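One structure is given here, and the rest of the page talks about it.
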Amino acid sequence: MIIDELVGFSNLYGSNEELVLAGGGNTSAKDGDVMYIKGSGTRLSDITAEGFVKMSRSKIAEIFTKTYPDNDKEREALSLKDLMAAKLPGQENKRPSVETTLHSLFPQKFVLHLHPSLINGVTCSENGKKASEDLFGDDVLWIDPCKPGYTLAKICYDTLREYKNSKGRDADIVLLANHGIFVADDTVEGLGDKLYSVMSKIRGEVTEEPDLSVGEFDGDKAQEIFNEISEVFGEDSVVTYEPSVLSLKYSKDKESVKEIYFPFNPDQVVYCKPYPVYIENKEEIKNLVEEYKEKNGFLPKILLVKDCGVYGVDYSQKGSETAVALFNDAMKIAVFAKNFGGAKPMSDDLTDFIVNWEAESYRSKQ
């Protein structure tokens, strides 16, 4: 059955941390007018048939015939309402992935959307578009940075139609700048072939690999910092500490932090907040955390500490570990991007949009 195939490849790719972290990525399958799409907030690694939402493709298609307001909040609210109306009977208590409309645009039976750090070394780089053209020609479609949700879906709708009209075929691999990759095929095997072909070609251009092994750090200072962070955030907080070679490199000084200060993709914003706090000594932790909260309206989840590395803070073990995992991913992207002209983070406008986007807020709470 098609749902069994969908669950199978979702679990397969979702269990590979080089491809998927936390609740990132999504998958879908089409059967006539029905599309099965990953539910928002679920994890590919352990999703079951119940984790997918059954949608009407014809009703989703109607979304692209409508005109929505220019105001971000109004546009997203109305398009989300129409998307929810496309759910089939029996799916009322489920919420489809934020990227459901993008999946619907591909005529192929299966669609796989992931955010591997290797691929995002291209999509989050200064020369990403040129690198894509040089490596893949017109076999891969490139989408410039844009707001997610309806805006991204509409741009992809227009671009995919233009591609088919000019090339005489449907696009089956799409790279989204500062986001990730979409792969579409009528077979599960075809998805894997295309994904790993893209990754293999990118890997062939990489001359520097990220090092997340344990580096040389100041153990006494690291413990003092750990204790101070726990006290500042409160007894209910959970702190995860990793003194990797990479985090020690990027926390060496204020200049080094600039390379990974701004977020590269939406998942980084959702799971570890958009900006880290840089700490040189424990005496400044309390004031810097308070300043961060006053400026941004929320507490930081990542603290980079000179001579110590990275600390993730949340009010659950899962949240703390996930924050560090996503920040590790950001550092890996920065290293891979060096092979393609250097890292290019998201714009401030795009970051602010995601911070305040209801759809991502919902996903992060699941």
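Fair warning: this is a prediction, and the values are worked out from it, not measured in the lab.
Salt-bridge formation is detected for the pair Lys332/Glu18: a Lys NZ or Arg NE/NH1/NH2 atom is positioned less than 4.0 Å from an Asp or Glu carboxylate oxygen. In summary, Asp139 and Arg169 engage in a salt bridge, as defined by a charged side-chain N under 4.0 Å from a carboxylate O. By the 4.0 Å N-to-carboxylate-O rule, Glu209 lies close enough to Arg203 to be salt-bridged with it. Electrostatic pairing of Arg57 and Asp33 does not count as a salt bridge here, judged by no charged N lying under 4.0 Å from a carboxylate O. Lys258 has a carboxylate O that lies under 4.0 Å from a charged side-chain N of Glu255, or vice versa, which qualifies the two as a salt bridge. Electrostatic pairing of Asp158 and Arg161 does not count as a salt bridge here, judged by no charged N lying under 4.0 Å from a carboxylate O. Salt-bridge check for Asp186 with Lys109: failed, with every basic side-chain N at 4.0 Å or more from each acidic carboxylate O. A salt bridge links Asp172 to Lys194: one of the charged nitrogens lies within less than 4.0 Å of a carboxylate oxygen. Taking a cutoff of 4.0 Å between a charged side-chain nitrogen and a carboxylate oxygen, Lys286 and Glu290 qualify as a salt bridge. The pair Lys306-Asp253 does not count as a salt bridge, with every side-chain nitrogen at least 4.0 angstrom from each carboxylate oxygen.
With hydrogens and angles disregarded, no donor-acceptor distance shorter than 3.5 Å links the side chain of Asn287 to the backbone of Glu284. Although no hydrogens or angles enter the test, the distance criterion places a donor-acceptor pair under 3.5 Å between the side chain of Glu92 and the main chain of Gly90. When atom types are taken as modelled, the side chain of Tyr157 and the backbone of Leu152 share no donor-acceptor pair closer than 3.5 angstrom. Although no hydrogens or angles enter the test, the distance criterion places no donor-acceptor pair under 3.5 Å between the side chain of Ser320 and the main chain of Ser316. Checking side-chain atoms of Thr240 against main-chain N and O of Gly312 turns up no donor-acceptor pair under 3.5 Å. The closest donor-acceptor contact from the side chain of Gln91 to the backbone of Lys54 lies under 3.5 Å. Side-chain atoms of Gln108 come within 3.5 Å of backbone N or O of Ala171 as a donor-acceptor pair. Asn120 places a side-chain N or O within donor-acceptor distance of the main-chain N or O of His179, the cut-off being under 3.5 Å. Judged by distance alone, with hydrogens and angles left aside, the side-chain atoms of Arg75 form a donor-acceptor pair with the main-chain N or O of Asp70 at under 3.5 Å. Judged purely by atom type and a 3.5 angstrom limit, Tyr292 uses its side chain to pair as donor or acceptor with the backbone of Tyr275.
Connection of Val140 to Leu191 is established within a shared hydrophobic cluster, with ILVMFWY side chains joined at heavy-atom distances below 4.5 Å, either directly or through further cluster members. Residues Ile181 and Tyr163 do not share a hydrophobic cluster, clusters being chains of Ile/Leu/Val/Met/Phe/Trp/Tyr side chains in contact below 4.5 Å. In this structure, Leu288 is a member of the same hydrophobic cluster as Val310, with clusters built from ILVMFWY side-chain heavy atoms closer than 4.5 Å. At a threshold of 4.5 Å between side-chain heavy atoms, the hydrophobic network of Ile, Leu, Val, Met, Phe, Trp and Tyr places Phe106 and Phe136 in two separate groups. Both Leu303 and Met331 are assigned to one and the same hydrophobic cluster, defined by single-linkage of ILVMFWY side chains at heavy-atom distances under 4.5 Å.
Taking CD1 from Ile60 and CG from Leu102, the interatomic distance works out to 11.0 Å, rounded to the nearest 0.5 Å. Taking NZ from Lys221 and CG from Asp307, the interatomic distance works out to 4.5 Å, rounded to the nearest 0.5 Å. One finds the CD atom of Glu280 at 12.0 Å from the CG atom of Leu304 (value rounded to the nearest 0.5 Å). Atom OG of Ser15 and atom CG of Leu44 lie 9.0 Å apart (nearest 0.5 Å). Expressed to the nearest 0.5 Å, how far CD of Glu291 lies from CG of Asn296 amounts to 11.5 Å. With values rounded to the nearest 0.5 angstrom, His115 atom NE2 is found 12.0 Å from Asn178 atom CG.
The residue from Lys38, His103, His113 that alone fulfils the side chain to side chain donor-acceptor pair (under 3.5 Å) condition with Asn26 is His103.
The shortest heavy-atom contact between Leu326 and Tyr271 is CG-CB, 3.7 Å. The two atoms that bring Pro345 and Phe264 nearest to each other are CA-CD2, 3.6 Å, heavy atoms only. Residue Cys272 comes nearest to Phe327 through the heavy atom pair SG-N, 4.0 Å, listed as atom of the first residue, atom of the second, then distance.
Looking only at atom types and distance, the side chain of Gln223 has a donor-acceptor partner in the side chain of Asn227 under 3.5 Å away. For Ser10 and Thr27, the side-chain atoms include at least one donor-acceptor pair closer than 3.5 Å.
At most 12 heavy atoms of other shown residues, nucleotides or ligands fall within 6.0 angstrom of atom CD in Glu17. At most 12 heavy atoms of other shown residues, nucleotides or ligands fall within 6.0 angstrom of atom NZ in Lys129. No more than 12 heavy-atom neighbours from other residues, nucleotides or ligands sit within 6.0 angstrom of NZ on Lys59. Counting non-hydrogen atoms of neighbouring residues, nucleotides and ligands closer than 6.0 angstrom, the CG atom of Asn165 exceeds 12 such neighbours. Within a 6.0 Å radius of CD in Glu294, other residues, nucleotides and ligands contribute 12 heavy atoms or fewer. A 6.0 Å sphere centred on CD of Glu224 holds more than 12 heavy atoms belonging to other residues, nucleotides or ligands. Heavy atoms from other residues, nucleotides or ligands lying under 6.0 Å from CD of Glu208 number more than 12. The environment of Gln317 atom CD is dense: over 12 non-hydrogen atoms of other residues, nucleotides or ligands sit within 6.0 angstrom.
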Audit row: Asp211, Ser213, side-chain hydrogen bond (donor to acceptor under 3.5 Å, both in side chains) steps and yes/no
CA-CA 6 Å; Asp211 187 354; Ser213 63; 2.6 Å; yes
Between Ser247 and Ser244, does the side-chain hydrogen bond (donor to acceptor under 3.5 Å, both in side chains) criterion hold? Intermediate values first, please.
CA-CA 5 Å; Ser247 66; Ser244 67; 3.0 Å; yes
Assess the residue pair Thr187 and Asp185 against the criterion (side-chain hydrogen bond (donor to acceptor under 3.5 Å, both in side chains)); give the C-alpha distance rounded to whole Å, side-chain angles, the decisive distance to 0.1 Å, and a yes or no.
CA-CA 5 Å; Thr187 69; Asp185 199 89; 3.0 Å; yes
side-chain hydrogen bond (donor to acceptor under 3.5 Å, both in side chains) assessment of Tyr68 paired with Asp82:
CA-CA 11 Å; Tyr68 293 100; Asp82 288 336; 2.6 Å; yes
Evaluate the criterion side-chain contact (heavy atoms from CB on, under 4.5 Å) for residue pair Val111 and Lys30; output intermediate values, then yes/no.
CA-CA 9 Å; Val111 178; Lys30 303 178 185 72; 3.6 Å; yes
I'd like to know whether Tyr241 forms a ring-ring contact (aromatic ring centres under 6.0 Å, His included) with Phe226, so could you lay out the CA-CA distance, the side-chain angles of the two residues, the decisive distance to 0.1 Å, and finally the verdict.
CA-CA 8 Å; Tyr241 171 53; Phe226 188 99; 7.3 Å; no
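With contacts defined as side-chain heavy-atom distances shorter than 4.5 Å, the pair Phe340/Glu205 qualifies. Put simply, the side chain of Val324 does not reach to within 4.5 Å of the side chain of Glu321, judged on heavy atoms. Two residues are said to be in side-chain contact when any heavy atoms from C-beta on lie closer than 4.5 Å; Leu141 and Leu160 meet this criterion.
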